[in-house]
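In the text below, chain A, chain B and the rest are named by the order of the sequence lines, each starting its count at 1. Reckoned from all heavy atoms, side chains included, excluding hydrogens, waters and symmetry mates.
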2 protein chains.
Amino acid sequence: MSTEPGARRRGVAETTAAIERATVELVLEHGYDGVTVDMICRAAGVSQRTFFNHFKTKDAALLGPDLPRIDERAAREFIVSDGPLLAEAVGLVRIDPSKLPGDAGLMARRIRAISGNPLLMARQMERLAEIEGELREIVELRLRQQALRAGADEAELAAIPDEAEITTHLLAGVMRYVGLTWSRRAEQGAPPPDGAEVADVLGRVLRKLA
Amino acid sequence: MSTEPGARRRGVAETTAAIERATVELVLEHGYDGVTVDMICRAAGVSQRTFFNHFKTKDAALLGPDLPRIDERAAREFIVSDGPLLAEAVGLVRIDPSKLPGDAGLMARRIRAISGNPLLMARQMERLAEIEGELREIVELRLRQQALRAGADEAELAAIPDEAEITTHLLAGVMRYVGLTWSRRAEQGAPPPDGAEVADVLGRVLRKLA
DNA sequence: ACATCCTAATGCAGTGACTGCAAGTATTGA
DNA sequence: TCAATACTTGCAGTCACTGCATTAGGATGT
């Protein structure tokens, strides 16, 4: 169709990566609203239609295609654990590292691009909401476990779903905090917060709140 | 221009209200994605340009133009209070009741329309994020007050901003929970949750988490 | 009564995100 | 070598949204 070797000049993964890279670079340079899909397409050497074949939305090209997932093994440990719930729960959400080794730099630049725009942060958080249901179930399982071990009565058991729900929402708050701190540190080249550090702040705060 | 008495045939408020009503009704009937701005305009008897003069986005016409605001007086009480922080903080966010008396039914229908769509719920929550900064400041003031009263040392004072931040995020979680429960109840004609009820669940949960 | 100003409403033309459909071409497997 | 398959593309169209220029009523001042 074109003079170029039209189709299949590279694998799917390569095309996707090219689009991602172009998106991140352009957004860093011009800001999210200063970049059009057409600009990305030109930079990545693909048609607009191809862009939308690879990414559902312009957002997705910047945020990356990977939705957060729950780490199955961590979930099993979590359910039977007796430690600080919120702090431990943070470990449940795994940021898929399969992309990192190939392009660690891209990830860092992407974070800078995203954190520059509050709207995008919010969009990122919407994605987190997609696994909230799963999270709720796990939390409920754990609460039930503990209640049974403690010999709870029926009324206490009946209250668990509600408690699991609110806990999940609290958890979402914590994760937002972690994500924010994470990107803030990344901007300054500082190491990301580890579980212990989060648990520390969280523990102090919870003591004040209760 | 048209055969109709072109402009100024009703006050601003009336036009705005007409658009809001048309939007809610149409969304209830066809779902958010099944409704176009043009449909709303036809139903409300205005041009598309007028629609966008009254509302920045299609969302806004459904969610209502009122952003959540902080209740100043409640904030002052909150800062010096010593009660359960999270539960009390819920009272800070005021849902502007100035719209309700005129059209209580519309509000109920609007809630139904919004809660039917998870995306819209999320969008609604984004609005909450807009006052998060304000909220953070208030929380920080309160934490500082309490720390001073307790005779805290420098290290403890230095930790306060971080604690305020995470608390705000936790608070956002609680408010999401309240909003969700609220709309869920509204759907079934049940009374909305009051502060005491929220405080109750919250208290129990926090005791388990700490 | 008349000119004036202001405001709400409108038309129009354009941009940008996104979709469905119908090809076309390179790669793969039989 | 032929055919199924996988990627890619162009094209036409929809929809949200914006800027600009224009028009029509109403309110105001003299």
Residue [X], side-chain atoms from C-beta onward, closest of [options]:
{"X": "B:Ser47", "options": "D:dT18, C:dG11, D:dT9", "answer": "C:dG11"}
{"X": "A:Val37", "options": "D:dC17, C:dA17, D:dT9", "answer": "C:dA17"}
{"X": "A:Val12", "options": "C:dG16, D:dC7, D:dG10", "answer": "D:dC7"}
{"X": "B:His54", "options": "C:dA9, D:dA16, D:dT9", "answer": "C:dA9"}

* Can a salt bridge be assigned to the pair B:Glu88 and B:Arg142 using a cut-off of 4.0 Å between side-chain N and carboxylate O? -> yes
Output the rounded distance in Å from [atom1] ([X]) to [atom2] ([N]).
{"X": "B:Asp33", "N": "C:dA17", "atom1": "CG", "atom2": "P", "result": "19 Å"}
{"X": "B:Arg49", "N": "C:dA8", "atom1": "CZ", "atom2": "P", "result": "14 Å"}
{"X": "A:Met39", "N": "C:dA17", "atom1": "CE", "atom2": "P", "result": "10 Å"}
{"X": "B:Gln48", "N": "D:dG19", "atom1": "CD", "atom2": "P", "result": "14 Å"}
{"X": "A:Asp59", "N": "C:dC18", "atom1": "CG", "atom2": "C1'", "result": "12 Å"}
{"X": "A:Lys58", "N": "D:dA16", "atom1": "NZ", "atom2": "P", "result": "18 Å"}
{"X": "B:Phe51", "N": "C:dA8", "atom1": "CZ", "atom2": "P", "result": "18 Å"}
{"X": "A:Asn53", "N": "C:dA17", "atom1": "CG", "atom2": "P", "result": "16 Å"}

* Asked: Under a 4.5 Å cut-off applied to non-hydrogen side-chain atoms, are A:Phe52 and A:Thr57 in contact?
  -> no
* Spell out, as yes or no, whether a donor-acceptor pair under 3.5 Å connects the side chain of B:Glu14 to the backbone of B:Gly11. => yes
* Which part of the nucleic acid does B:Thr36 contact within heavy-atom distance under 4.0 Å: base, sugar-phosphate only, or nothing? -> sugar-phosphate
* Asked: So, for B:Leu86 and B:Thr167, which heavy atoms are closest and what is the spacing to 0.1 Å?
  -> CD2-O, 4.2 Å
* Asked: Name the one of A:Arg42, A:Met39, A:Arg21 that satisfies side-chain contact (heavy atoms from CB on, under 4.5 Å) with A:Leu26?
  -> A:Met39
* **side-chain N/O B:Thr15 vs C:dA8 OP1/OP2, d < 4.0 Å** => no
